[in-house]
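Presented below is the structure to which this report refers.
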Number of protein chains: 2
Amino acid sequence: MDTEQRKLLYKLAVAYYEDGLTQKQIGKRFGVSRIKVSRLLRQARQEKIVNIHITPVDDANIDLERVLCQKYGLDEVIAVPVKNGQAVDFYHELGVAAADTLQRSLQNKEVIAITWGRTLKAVVNNLPAMTKPEIRVVQALGGINSPDVEINGSELARKLAQIVGARPILLSSPGLVASREIRDALIKDPQISRVIDLAARADIALVGVGALNLESLARRYNIISRDDFERLKARDVIGDIGLRYFNSQGEQVDDELHDRTIGLDLNQLRKVKRVIGVTGGPDKVESIRAALKGKLINVLITDDNTGKALLENSTA
Amino acid sequence: MDTEQRKLLYKLAVAYYEDGLTQKQIGKRFGVSRIKVSRLLRQARQEKIVNIHITPVDDANIDLERVLCQKYGLDEVIAVPVKNGQAVDFYHELGVAAADTLQRSLQNKEVIAITWGRTLKAVVNNLPAMTKPEIRVVQALGGINSPDVEINGSELARKLAQIVGARPILLSSPGLVASREIRDALIKDPQISRVIDLAARADIALVGVGALNLESLARRYNIISRDDFERLKARDVIGDIGLRYFNSQGEQVDDELHDRTIGLDLNQLRKVKRVIGVTGGPDKVESIRAALKGKLINVLITDDNTGKALLENSTA
DNA sequence: AAGTCAGGTGATCATTTGTTCACCGTTGGA
DNA sequence: TCCAACGGTGAACAAATGATCACCTGACTT
């Protein structure tokens, strides 16, 4: 390119980026039409006369997060650094990161749906107190019988609401019942159906991701029976979100369990604009991958080891 | 600042500047309001997380030009490099630079006013041919008797118009007459007054700057008499633009010469949005400085030596 | 010599961005 | 305990910017 031209681009760039003039002002000053200034400035960027450099923060996982974001089409990924695999720290770290992200997402009048699990408990416990009375916290899955009452959906929703200063909206029913008939009966109750409808319209959903294996709480706490477990396995189920089971493509699997579950289903969840999935661990990699493939989650909060594993291709 | 906060700023900056997302999209993705994205991006710039660097062009005068621009509140300054003080090259170089600037300023239907002089001749001679029939070139000062006919305003206006492919509008009168009465009579002629009126409404004025000294063409060609010269000197006149004389503050000086001159006066000139002054040389420094102080010129095209001299403070 | 195609132009319109304002919650002090 | 000042917030508005379109010009082809 012409030296004169380069010089002009330089001058325009200085006027725009350093002196902060508007394109119109620059056009007037240099006797060029406003639109031409716009084009010349673009050219200056293309010609690398203007360089925009972003100082990287010293966090090794930034790249990992970005690549994951792109690979799975996510809105945001946070991969917290976990040196050793210590369990206590692990949940805490995930909880802190998720709490931060959740807090940032809160304005004043959202509807937040929440499921259950150890990770979500950590999220709730790391959230600072707020006063947001117009926010509603909705329990997205019925109650769970577990030794640790604090991971129960009702308890989590209640506590989250309390911390946020919001109104809790709870599901007064179990998450899983013995038969389809019972489920149907419960669902007819407006007290229940209304809550689920509200959860389906949530602005934000805070969910964990379960794996279908012997370590999973659902199995360890006998929430699903051994028969259920085996049957799901046979149907290539790989994990769940809120007891809604999916296969390796993140598709909802048609099983009678589905008809005994009371809570948000996966198709409803997919419609929520911001689904924050907080989860990690070696045994969960494949179920997380499936959930991501199925676009069940928009924001993934996990640890770096899990993140790295997700970058590699599925072994299945 | 918080590391988490820095990380967020980094992510937003990458999304905005590298991935080219809009602030609205980023807000949606990160669960933050659009307006907040705008504020955070500004913060990222303040915190130097985002650095905008402009590659300097290898032209030593860029800084000089910029400083001059600021010091005198000009729109633009071009200081062409002149190693040796060779006269021929000097006018040619100034002409090339001015022609480039003028050309850039031309759209399609401007009115260009032009005065006279050696420098302007060089400008016109370095302009490439164009076809802009809607442009009008107006002679801003009546004719001058000089040995070199090509520096005469009529000739310059005619030639400029021809090269641009535009319509010339000439002043059929001398630039300086013997008495106020003659001037008044000529001015009454609509043929003449209309031209001056048009010049006063010009979009662009192309002018030289004269010094009031013995080297000046006005004196050498005896355009102004020895008496005129001495009288002006006594009135602290320091230079002229188009035979309109001004003092060291660039203010028009009240002298009878003024009433014998036919052409644009300084107050009219000042109203033209884009006055391109093409001029330079050691003997002209102080008169250029005065013209700049008086805001008679918006765009200065000169040589680097003159530019440097203008940076220093007046000796007067 | 006429046609046509590419490149560049400004006008117009739509989008994006920044600014201003009123509001709210918090904090620090009386 | 109350009040006032403050910082932060989004809504509404204004400004700036980018995208699209139709047009023109100049160069090359037929």
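Residue numbering restarts at 1 for every chain, and letters A, B, ... go by the order of the sequence lines.
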Classify the side-chain pair B/Arg45/B/Tyr17 by whether it contains a donor and acceptor separated by less than 3.5 Å. yes

DNA chain D: first to last nucleotide in contact with chain A (atom under 4.0 angstrom from a heavy atom), 5' to 3', is D/dG10 to D/dT20

The salt bridge (Lys or Arg N to Asp or Glu O under 4.0 Å) partners of B/Lys7 (sequence neighbours excluded) come to A/Asp59, A/Glu65

For B/Asp304, all residues meeting salt bridge (Lys or Arg N to Asp or Glu O under 4.0 Å), sequence neighbours excluded: none

Euclidean distance, atom CG of residue B/Leu41 to atom C1' of C/dT16 [Å, nearest integer]: 13 Å

Whole-Å distance between C/dG25 P and A/Lys132 NZ? 9 Å

[X] side-chain N/O to [Y] backbone N/O, donor-acceptor pair under 3.5 Å:
X: A/Thr55; Y: B/Lys48; value: yes
X: A/Glu18; Y: A/Ala15; value: no
X: B/Asp19; Y: B/Leu21; value: no

Quick one: pull up CG in A/Leu102 and CD1 in A/Ile112 and give me the separation to the nearest 0.5 Å. 5.5 Å

Contact nearer the 5' end of DNA chain D, comparing A/Arg34 with A/Gln107: A/Gln107

Closer to the 5' end of DNA chain D via nearest nucleotide, is it A/Asn108 or B/Pro133? A/Asn108

With a 4.0 Å cutoff (strictly under), does any side-chain N or O of B/Arg104 reach OP1 or OP2 of C/dT9? no

Under 4.0 Å from OP1 or OP2 of C/dG25: is there any side-chain N or O of A/Thr131 that close? no

Against A/Glu76, only a single residue in B/Arg29, B/Lys11, B/Lys28 fulfils salt bridge (charged side-chain N to carboxylate O under 4.0 Å, His left out); can you say which? B/Lys11

A/Lys273 bridged to A/Asp203 by N-O distance under 4.0 Å: yes

Determine which pairs satisfy salt bridge (charged side-chain N to carboxylate O under 4.0 Å, His left out) with at least one residue from residues 119-137 of chain B, sequence neighbours left out, and list them in order. B/Lys121-B/Asp148, B/Lys121-B/Glu150

Here the residues of residues 10-30 of chain B within 4.0 Å heavy-atom distance, strictly under, of DNA chain D are none

Less than 4.5 Å apart, any side-chain heavy atom of A/Val138 and any of A/Ile114? no

If you restrict it to nitrogen or oxygen atoms, what contacts under 3.5 Å exist between nucleotides 20-23 of chain C and the protein, and what is each distance?
from	atom 1	to	atom 2	distance (Å)
C/dT20	O4	B/Arg39	NH2	3.4

If each of A/Met130 and B/Arg45 is mapped to the nucleotide of DNA chain C with the nearest heavy atom, which maps nearer the 5' terminus, i.e. the 5' end? B/Arg45

